[in-house]
A.B. asks: 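My questions all concern the structure below.
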Amino acid sequence: MKRFLILIPLLLFFSNSPSSNDMGISLETNYRNYKPGQSIKINVKLKQAAYLYLLTLQSDGNLNLLYPNEDEQDNMIFNEEIKIPDDSKDYEFLAGDTLGRDTIIAIASRNRIKKLHKAKYWVKPVYRGMSQNNSAWLKKITKKLPPEQWVSAEVNIFISNNCYRS
């Protein structure tokens with residue numbers, strides 16, 4: 001009987017702890033279609049404070065870290081909505097030269113993702129040869145995080161020489 005009484009407080013603790021549904025994240029870009037070299041602005045909305053990571057899975061298979069970066073190393077976000085880079089920053093994200101579909105991914109986590117805080121990923125891809133249809137890289141990045149401690153969102157953008165706005 002004593003064992004049962006011990007389990008009840010534990011169950012109450014876990015049922016009251018924050019869940020991934022509390023985190024919530026949404027992601028948008030200023031456009032969906034870009035010409036090579038065109039500036040990309042990213043808007044992120046978070047339901048609560050979290051470490052924010054922005055990556056791009058390019059059509060050539062490279063997974064690149066956009067944020068945090070050399071110019072903005074502190075990625076704990078307390079605001080509910082943020083534009084990256086904001087207008088006060090001296091850097092910008094540019095659409096790549098490889099034509100096709102790129103995917104921008106936002107990850108919000110209650111814990112730092114140590115792999116994504118390495119300065120080497122500010123200048124080289126996190127992974128190479130990734131498929132647009134395979135999310136194995138996400139499992140590698142988040143494997144040390146409990147599932148309820150992070151959420152992600154993604155948006156596709158298209159890079160074309162014959163760009164139209166939408």
Side-chain angles (χ1 to χ4, degrees), residues 20 23-142 145 149-166:
S20 60
M23 293 203 55
I25 186 171
S26 66
L27 175 68
E28 306 180 326
T29 55
N30 51 338
Y31 303 110
R32 297 286 287 214
N33 300 289
Y34 295 87
K35 289 184 179 180
Q38 187 175 359
S39 181
I40 301 171
K41 299 284 186 186
I42 302 170
N43 294 312
V44 181
K45 292 180 186 174
L46 299 173
K47 278 190 167 181
Q48 60 183 249
Y51 290 98
L52 176 65
Y53 301 90
L54 293 175
L55 301 109
T56 181
L57 179 55
Q58 297 175 313
S59 57
D60 64 5
N62 287 337
L63 180 69
N64 294 302
L65 179 64
L66 300 175
Y67 183 88
N69 55 49
E70 188 173 14
D71 295 306
E72 291 190 87
Q73 297 176 25
D74 182 11
N75 64 324
M76 174 51 94
I77 304 300
F78 296 99
N79 298 341
E80 291 181 357
E81 186 170 350
I82 184 172
K83 181 168 40 170
I84 301 173
D86 71 29
D87 296 332
S88 69
K89 302 300 179 195
D90 290 333
Y91 73 93
E92 57 186 342
F93 301 135
L94 301 177
D97 293 331
T98 305
L99 305 181
R101 176 183 69 154
D102 286 5
T103 304
I104 297 175
I105 302 109
I107 301 172
S109 173
R110 289 194 176 102
N111 303 305
R112 286 180 61 165
I113 300 174
K114 291 179 184 178
K115 180 177 181 84
L116 298 180
H117 282 271
K118 295 180 180 175
K120 68 182 179 180
Y121 296 127
W122 299 338
V123 294
K124 72 176 201 172
V126 177
Y127 293 112
R128 295 182 189 273
M130 296 286 105
S131 166
Q132 289 278 346
N133 300 320
N134 184 347
S135 62
W137 61 268
L138 183 59
K139 290 177 185 173
K140 289 180 185 180
I141 289 174
T142 58
L145 298 174
Q149 297 292 311
W150 64 276
V151 292
S152 67
E154 62 182 53
V155 63
N156 290 316
I157 62 169
F158 300 91
I159 301 171
S160 169
N161 287 323
N162 302 321
C163 174
Y164 62 92
R165 296 280 180 239
S166 68

A.B. asks: Does the side chain to side chain contact (heavy atoms under 4.5 Å, CB included) test come out yes or no for Q73 and W122, once each step is laid out?
C.D. replies: CA-CA 10 Å; Q73 297 176 25; W122 299 338; 3.5 Å; yes
A.B. asks: E72 and Y67: which non-hydrogen atoms are nearest, and at how many Å?
C.D. replies: CB-CE1, 3.7 Å
A.B. asks: For the side chain of N30 and the backbone of K41, is there at least one donor-acceptor N/O pair under 3.5 Å apart?
C.D. replies: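 Checked: pair present.
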A.B. asks: Stepwise, does the side chain to side chain contact (heavy atoms under 4.5 Å, CB included) test hold for L55 with L116?
C.D. replies: CA-CA 10 Å; L55 301 109; L116 298 180; 4.2 Å; yes
A.B. asks: Working to the nearest 0.5 Å, report the span between CZ of R101 and CG of N33.
C.D. replies: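 Spacing of CZ (R101) from CG (N33) equals 13.0 Å.
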A.B. asks: Once rounded to the nearest 0.5 Å, what's the spacing between atom OG1 of T142 and atom CH2 of W150?
C.D. replies: 4.0 Å
A.B. asks: Taking it one step at a time, do I40 and L66 satisfy side chain to side chain contact (heavy atoms under 4.5 Å, CB included)?
C.D. replies: CA-CA 11 Å; I40 301 171; L66 300 175; over 6 Å; no
A.B. asks: In Å and rounded to the nearest 0.5 Å, what is the CD to CG distance from Q38 to L94?
C.D. replies: 9.5 Å
A.B. asks: Considering only heavy atoms from C-beta outward, does the side chain of D102 approach that of S59 to under 4.5 Å?
C.D. replies: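 Answer yes - side chains close enough.
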A.B. asks: Taking atom types as modelled, is there a side-chain donor on S160 or N162 under 3.5 Å from an acceptor on the other?
C.D. replies: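 Looking only at side-chain atoms, N162 and S160 do not form any donor-acceptor pair under 3.5 Å.
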A.B. asks: Quick check: closest heavy atoms across Y127 and K140, and the distance to 0.1 Å?
C.D. replies: OH-CB, 3.4 Å
A.B. asks: Do you know which two heavy atoms are closest between G129 and N62, and how far apart they sit?
C.D. replies: N-OD1, 4.3 Å
A.B. asks: Please check if the number of heavy atoms outside K45 that lie under 6.0 Å from its NZ is greater than 12.
C.D. replies: no
A.B. asks: How close do M23 and K47 get, heavy atom to heavy atom, and via which atoms?
C.D. replies: O-CB, 2.7 Å
A.B. asks: To the nearest 0.5 Å, what is the distance between CD (E28) and NZ (K83)?
C.D. replies: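 It comes to 12.0 Å.
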A.B. asks: Can you name the residues that form a side chain to side chain contact (heavy atoms under 4.5 Å, CB included) with A106, not counting sequence neighbours?
C.D. replies: I25, L27, L52, L54
A.B. asks: Are the side chains of E70 and Y91 in contact, using a 4.5 Å heavy-atom criterion?
C.D. replies: no
A.B. asks: As a quick check of understanding, evaluate side chain to side chain contact (heavy atoms under 4.5 Å, CB included) for I113 and Y53, giving each step before the final call.
C.D. replies: CA-CA 9 Å; I113 300 174; Y53 301 90; 3.8 Å; yes
A.B. asks: Report the distance from atom CG of D60 to atom OG1 of T98, rounding to the nearest 0.5 Å.
C.D. replies: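 Reported value, rounded in 0.5 Å steps: 4.5 Å.
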A.B. asks: Looking at CD1 of I105 and CG of L57, how far apart are the two atoms once the value is rounded to the nearest 0.5 Å?
C.D. replies: 5.0 Å
A.B. asks: Mark yes when over 12 heavy atoms from residues, nucleotides or ligands other than E80 sit less than 6.0 Å from its CD; otherwise mark no.
C.D. replies: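 Counting neighbours around CD of E80, 12 or fewer heavy atoms of other residues, nucleotides or ligands fall under 6.0 Å, so no.
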A.B. asks: Answer yes or no: is there a side-chain heavy-atom contact under 4.5 Å between H117 and N75?
C.D. replies: yes
A.B. asks: Can you find a pair of side-chain heavy atoms, one from I42 and one from F93, that are under 4.5 Å apart?
C.D. replies: yes
